[in-house]
Amino acid sequence: MYEFQEFENGAALADALTVEVAGALAHTIRLHGKAALALSGGKTPVRFLEALSRYRMPWNDVVVTLVDERWVPETHERSNAGLARRHLLKGPLSNIEFVPLYRPVPTPEEAVAEVNRVIADLPLPFAAVVLGMGEDGHTASFYPGGDNLAAANSPDCKAQVMAMNADGAGEPRITLTLPLLLAADEILLHIEGAEKRAAFEKAVAGDDVLEMPVRSLLKSEKLVKVLWCP
Ligand SMILES: O=C(O)[C@H](O)[C@@H](O)[C@H](O)[C@H](O)COP(=O)(O)O
């Protein structure tokens with residue numbers, strides 16, 4: 001299930017999303033001493049990441065990772081880890097614990113076992129996961145037609161991360177799996193613009209998860225907080 005929040009503009013959405021994420025982290029830190037956060041890459045999160053980087057909280061009690069990664073080195077312009085370092089992990093957040101998903105091996109399949117172990121060692125469940133969505137209805141790296149989509153997007157998946165190869169994904173990917181995302185205390189979906197609003201409306205109007213994988217979250221028992229602005 002989901003709740004949909006509309007914001008006047010990207011700045012207002014970024015501030016609200018920052019408060020939402022910080023609140024989830026602070027709550028988990030109060031309960032457990034440490035909190036884990038998983039962030040998406042792509043273009044949409046930049047303003048939010050910049051706002052979060054200015055937020056004052058006990059960041060030393062937080063570990064940040066990614067919802068997914070393109071299989072490129074951090075120095076590559078398409079790296080989600082590189083995006084996080086440029087827009088979030090700077091200033092007071094320069095030295096917080098960050099767990100990238102890319103490893104310097106040719107394919108994600110060769111790194112999956114090691115990355116699984118690293119993610120399993122995080123203070124799970126995630127206090128918050130921040131998802132994006134493509135106009136094709138993908139989220140994380142759950143791409144329509146993805147070679148491991150059925151497995152990674154299954155509520156019964158036992159792996160923490162899986163490799164994903166799909167025509168629309170650009171590079172080979174590694175992605176957190178659905179159970180890990182659904183187990184998060186706060187599941188946030190950040191989308192902007194008319195095209196993604198239309199894609200969201202199409203997603204909630206249908207049921208075929210393989211057609212629009214974001215449905216596996218929106219149709220789940222867990223609350224997904226959707227934040228959208230024009
Ligand atoms: O690595 C990625 O691409 C993301 O994790 C992906 O799931 C992203 O959230 C959507 O593709 C939206 O991307 P944009 O914000 O660039 O439209």
Side-chain angles (χ1 to χ4, degrees), residues 2 7 9-11 13-14 17 21 37-52 64-88 98-103 108 111 115 119 126 128-146 148-149 152-153 160-178 180-182 184 187-200 202-203 209-218 224-230:
Y2 66 90
F7 294 86
N9 54 46
L13 188 158
L17 184 52
V21 166
L37 170 63
L39 297 168
S40 284
K43 302 178 196 65
T44 304
V46 171
R47 190 184 283 115
F48 155 62
L49 295 176
E50 289 287 346
L52 192 60
V64 177
T65 190
L66 296 162
V67 164
D68 67 343
E69 182 60 278
R70 297 88 180 266
W71 209 249
V72 292
E74 215 163 276
T75 51
H76 191 287
E77 62 175 5
R78 288 206 16 104
S79 166
N80 288 341
L83 183 88
R85 291 212 190 270
R86 281 192 301 280
H87 298 292
L88 176 68
F98 175 61
V99 175
L101 303 183
Y102 173 77
R103 295 296 183 274
V115 178
I119 297 296
F126 286 105
V129 295
V130 183
L131 298 168
M133 187 191 77
E135 291 171 37
D136 60 359
H138 82 260
T139 191
S141 283
F142 304 153
Y143 280 85
N148 291 321
L149 175 63
N153 204 19
Q160 316 285 342
V161 294
M162 290 193 79
M164 189 72 67
N165 297 279
D167 292 344
E171 305 79 5
R173 301 288 190 104
I174 191 166
T175 184
L176 297 188
T177 57
L178 181 67
L180 215 49
L181 301 178
L182 288 176
I187 306 171
L188 302 147
L189 177 62
H190 175 195
I191 53 177
E192 298 188 5
E195 293 81 6
K196 290 195 181 180
R197 175 73 184 264
F200 172 79
K202 181 182 173 191
V209 168
L210 296 180
E211 179 198 24
M212 298 189 86
V214 70
R215 287 170 174 156
S216 59
L217 290 126
L218 296 173
V224 177
K225 294 180 178 176
V226 185
L227 296 87
W228 176 82
C229 68

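Each ligand, and each atom within it, is numbered from 1 in the order the structure gives. Keep in mind it's a predicted model, so treat the numbers as computed, not measured.
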Check your understanding: Looking only at non-hydrogen atoms, which of Ala38, Gly41, Pro213, Gly134 approaches atom 8 (C) of ligand 1 most closely?
Key -> Gly41
Point to revise | ligand 1 N/O within reach of Ser141 N/O, cut-off under 3.5 Å | key: no
Exercise for review: Taking side chain to side chain contact (heavy atoms under 4.5 Å, CB included) as the test, write out the residues that go with Ala163, two or more places apart.
Suggested key: Pro108, Glu109, Val112, Asn148
Check your understanding: Are the side chain of Trp228 and the backbone of His190 linked by a donor-acceptor contact shorter than 3.5 Å?
Key -> no
Review point. Is Arg173 in contact with ligand 1, taking contact as a heavy-atom separation below 4.0 Å?
Key: yes
Point to revise | Shortest protein heavy-atom distance from atom 17 (O) of ligand 1, along with the residue and atom involved | key: Lys196 NZ, 2.5 Å
Check your understanding: Which residue owns the protein heavy atom closest to atom 9 (O) of ligand 1, what's the atom, and how far is it?
Key -> Gly132 CA, 3.3 Å
Review point. Taking only heavy atoms of Ala140, which atoms of ligand 1 are found under 4.0 Å from at least one of them?
Key: 6 (C), 7 (O)
Check your understanding: Just by modelled atom types, is the Asn80 backbone N or O under 3.5 Å from a matching donor or acceptor in the Glu69 side chain?
Key -> yes
Practice item. Give the atoms of ligand 1, by number and element, whose distance to some non-hydrogen atom of Arg70 is under 4.0 Å. Key: 1 (O), 2 (C), 3 (O)
Exercise for review: Among Leu49, Leu52, Leu39, find the one that has a side chain to side chain contact (heavy atoms under 4.5 Å, CB included) with His87.
Suggested key: Leu49
Exercise for review: Looking only at protein heavy atoms, identify the closest one to atom 10 (C) of ligand 1 and say how far it is in Å.
Suggested key: His138 NE2, 3.3 Å
Check your understanding: Judged by atom type as modelled, is there a donor-acceptor pair below 3.5 Å linking the side chain of Thr65 to the main-chain atoms of Ala38?
Key -> no
Exercise for review: Hey, can you tell me if Phe200 and Tyr2 have their rings parallel, tilted or perpendicular (30° and 60° cut-offs)?
Suggested key: perpendicular
Review point. Looking only at protein heavy atoms, which one is nearest to atom 5 (O) of ligand 1, and how far off is it?
Key: Asp68 OD1, 2.5 Å
Check your understanding: Which atoms from ligand 1 have a heavy atom of Asn80 less than 4.0 Å away?
Key -> 1 (O), 2 (C)
Exercise for review: Give the residue, atom name and distance (to 0.1 Å) of the protein heavy atom nearest atom 16 (O) of ligand 1.
Suggested key: Lys43 N, 2.7 Å
Review point. Just by distance, do the side chain of Arg70 and the backbone of Arg78 share a donor-acceptor pair under 3.5 Å?
Key: yes
**Study point:** Part of Thr44 with heavy atoms under 4.0 Å of ligand 1, whether side chain, backbone, both or neither
**Key:** both
Practice item. Taking side-chain hydrogen bond (donor to acceptor under 3.5 Å, both in side chains) as the test, write out the residues that go with Ser216, two or more places apart. Key: Asn153
